[in-house]
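Here's the structure, in structure tokens; my notes come after.
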2 protein chains.
Amino acid sequence: MAPTYREIANHFRFKSTKAAADHVLALEKKGYLRRHTGRSRGIELTASVKRTGQETITVPIIGDIPAGTPEQKIEFQSGTISVDSTILDGIGHHRLFALKVKGDSMIGRGIYDGDWVIADADATPNENDVVVALIDGENTLKALALKENNFYLRVENPDYNDWVPVNELIIQGTAKALIRRI
Amino acid sequence: MAPTYREIANHFRFKSTKAAADHVLALEKKGYLRRHTGRSRGIELTASVKRTGQETITVPIIGDIPAGTPEQKIEFQSGTISVDSTILDGIGHHRLFALKVKGDSMIGRGIYDGDWVIADADATPNENDVVVALIDGENTLKALALKENNFYLRVENPDYNDWVPVNELIIQGTAKALIRRI
DNA sequence: CACTGTACTACACAAATGTATAGTGAGAAT
DNA sequence: ATTCTCACTATACATTTGTGTAGTACAGTG
């Protein structure tokens with residue numbers, strides 16, 4: 001929670017909120033922070049000031065997600081992976097899960113065999129997003145594509161064919177980050 | 001910044017702030033968040049939701065490494081990045097540094113513009129490794145290649161030319177991990 | 001069927017908060 | 001000596017925001 005001008009004034013024993021406001025204004029002019037004018041507690045530290053590396057988020061690694069939403073199948077968890085919260089900026093509080101990429105069907109998007117993908121179960125998947133999907137009972141990582149009002153899974157590798165669902169297509173998460181050991 | 005009840009109501013298209021307030025109250029009762037009563041934007045996620053991690057390694061982010069070994073130029077540090085120690089398995093005690101990839105000269109190796117690369121200053125660079133190098137005074141990320149007993153930097157993108165050193169080629173680190181926000 | 005709880009709407013109001021105007025005193029600059 | 005800027009105080013006021021009361025629509029229950 002960012003402080004209010006009264007909280008700042010109180011902390012520094014200023015007897016006027018204007019003193020605090022002036023300081024914040026000066027810091028904004030110098031580029032150390034950003035103000036959301038009008039909004040309460042609308043002070044945000046600039047990325048350069050934000051002390052990264054402090055807070056990390058631990059994401060469960062899931063081997064296979066046979067059905068349902070990932071968090072229902074947490075028993076398939078095979079470990080955890082921790083990353084800086086700034087990497088997952090904005091989605092740190094979402095239900096996240098990690099999985100290891102198998103195969104090279106997504107090399108067109110720079111996702112290779114053996115990479116780790118962190119997916120967000122709470123994000124709304126959009127067309128062209130890389131998604132973790134359950135298609136006709138099989139689990140896979142593909143790009144979500146739309147053709148004639150029907151969603152299908154696009155393979156980002158000319159060597160393979162796209163996956164068009166016969167029965168059902170369930171999006172279990174949207175890829176948000178990628179980690180690779182080189 | 002935590003949202004206000006009006007922002008929550010607006011987001012979910014509630015026409016009353018009370019609906020939002022009721023939901024927040026319910027979530028508090030269930031233990032998912034804590035309220036600082038009276039304070040504006042006084043909603044905080046519970047620690048159990050935040051899930052801070054176990055063993056992580058914090059790596060300094062270096063903007064530019066003009067010369068010398070990276071750790072000598074730590075003043076160019078622009079932040080830190082933390083990752084699970086298992087990702088950097090075996091090299092956690094090495095001198096590591098992170099940098100943001102500029103340009104698309106390494107797309108052939110699945111390294112894209114904007115990616116984060118974690119490099120190891122202590123690893124012995126081998127042929128074909130992706131390295132952070134200082135070539136004729138310029139800093140770059142390329143593949144280390146050998147031709148007729150002379151090292152040069154190979155670009156993994158057919159649109160660009162390889163970099164052959166005129167004067168000097170200093171390897172500052174070997175790429176060991178890659179992090180991408182999708 | 002009436003009853004109950006859920007999930008809201010509509011409205012109100014006090015408190016919290018951002019922001020502005022005017023003024024003061026110390027010290028530096030001219 | 002006068003002016004000017006800096007760093008604040010004092011005060012005011014319009015918004016923003018948290019919170020409460022009352023009421024509606026509706027699904028489910030006995």
Side-chain angles (χ1 to χ4, degrees), chain A residues 1-52 54-55 57 67-74 85-86 88-96 120-126 168 170-174, chain B residues 1-52 79:
Chain A
M1 270 167 79
T4 65
Y5 289 131
R6 273 159 192 84
E7 284 170 359
I8 295 170
N10 218 50
H11 180 263
F12 290 107
R13 316 219 171 160
F14 298 155
K15 288 178 184 162
S16 166
T17 57
K18 190 62 167 57
D22 284 350
H23 275 288
V24 168
L25 233 53
L27 287 168
E28 189 192 27
K29 202 184 283 180
K30 288 173 186 171
Y32 294 113
L33 47 86
R34 200 180 319 121
R35 274 180 337 117
H36 295 255
T37 38
R39 271 189 270 182
S40 77
R41 302 182 183 275
I43 302 171
E44 233 183 341
L45 291 181
T46 310
S48 62
V49 179
K50 233 190 249 173
R51 285 188 305 170
T52 57
Q54 302 292 94
E55 209 181 328
I57 292 168
T69 44
E71 88 283 359
Q72 291 170 341
K73 299 288 169 180
I74 219 85
S85 59
T86 55
L88 301 172
D89 197 33
I91 57 164
H93 58 286
H94 286 198
R95 290 171 304 161
L96 303 168
D120 183 347
D122 288 330
T124 309
N126 293 313
E168 56 169 14
I170 298 168
I171 307 301
Q172 293 166 317
T174 308
Chain B
M1 271 167 76
T4 65
Y5 289 132
R6 271 157 194 84
E7 284 169 359
I8 295 170
N10 218 51
H11 180 263
F12 290 106
R13 313 212 175 167
F14 297 156
K15 288 179 184 160
S16 167
T17 56
K18 191 58 167 55
D22 284 351
H23 275 288
V24 167
L25 234 54
L27 286 167
E28 190 192 27
K29 201 185 282 180
K30 289 173 186 170
Y32 293 114
L33 46 86
R34 200 181 318 122
R35 272 177 342 115
H36 296 254
T37 37
R39 270 190 269 182
S40 78
R41 299 179 183 277
I43 302 171
E44 233 183 341
L45 291 180
T46 310
S48 63
V49 180
K50 231 187 243 173
R51 289 201 302 189
T52 318

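All heavy atoms count here, side chains included; hydrogens, waters and symmetry mates do not.
Considering CG of A:Asn126 and CD1 of A:Ile171, their distance stands at 11.0 Å, rounded to 0.5 Å.
The closest donor-acceptor contact from the side chain of A:Asp122 to the backbone of A:His94 lies at 3.5 Å or more, if one exists at all.
An end-to-end axis angle of 10° holds for the helix from C:dC1-D:dG30 to C:dT30-D:dA1, taken from five base pairs per end and rounded to 10°.
By the side chain to side chain donor-acceptor pair (under 3.5 Å) test, B:Asp22 is found to be paired with B:Lys18, residues two or more places apart in sequence or in another chain being considered. A:Ala19 is linked by a side chain to side chain contact (heavy atoms under 4.5 Å, CB included) to A:Phe14, counting only residues two or more places apart in sequence or in another chain. B:His23 pairs by the side chain to side chain donor-acceptor pair (under 3.5 Å) definition with nothing, not counting sequence neighbours. Every residue two or more places apart in sequence or in another chain was checked for a side chain to side chain contact (heavy atoms under 4.5 Å, CB included) with B:Asn10, and none qualifies. Partners of B:Ile8 by side chain to side chain contact (heavy atoms under 4.5 Å, CB included), not counting sequence neighbours, listed by chain and number: B:Pro3, B:Tyr5, B:Phe12, B:Ala20, B:Val24, B:Ile43.
Put simply, A:Arg35 has a side-chain N or O that comes within less than 4.0 Å of OP1 or OP2 on C:dT19.
Listed by first then second residue, pairs satisfying salt bridge (charged side-chain N to carboxylate O under 4.0 Å, His left out) with a partner in residues 4-13 of chain A read A:Glu7-A:Arg41, not counting sequence neighbours. Pairs engaging residues 23-32 of chain B under the salt bridge (charged side-chain N to carboxylate O under 4.0 Å, His left out) rule: B:Glu28-B:Arg35 [sequence neighbours left out].
With a 4.5 Å cut-off on side-chain heavy atoms, A:Met1 and B:Met1 do not count as touching.
Protein chain A contacts DNA chain D over a range whose 5' and 3' limits, counting nucleotides with an atom under 4.0 angstrom from a non-hydrogen atom, are D:dC8 to D:dT17.
Separating the CD atom of A:Glu28 from the C1' atom of C:dG18 is a distance of 13 Å, rounded to the nearest angstrom.
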Checklist entry - Using a cut-off of 4.0 Å between protein heavy atoms and nucleotide atoms, how would you tag nucleotides 8-13 of chain C 5' to 3' with B, S and -? => result BBBBB-
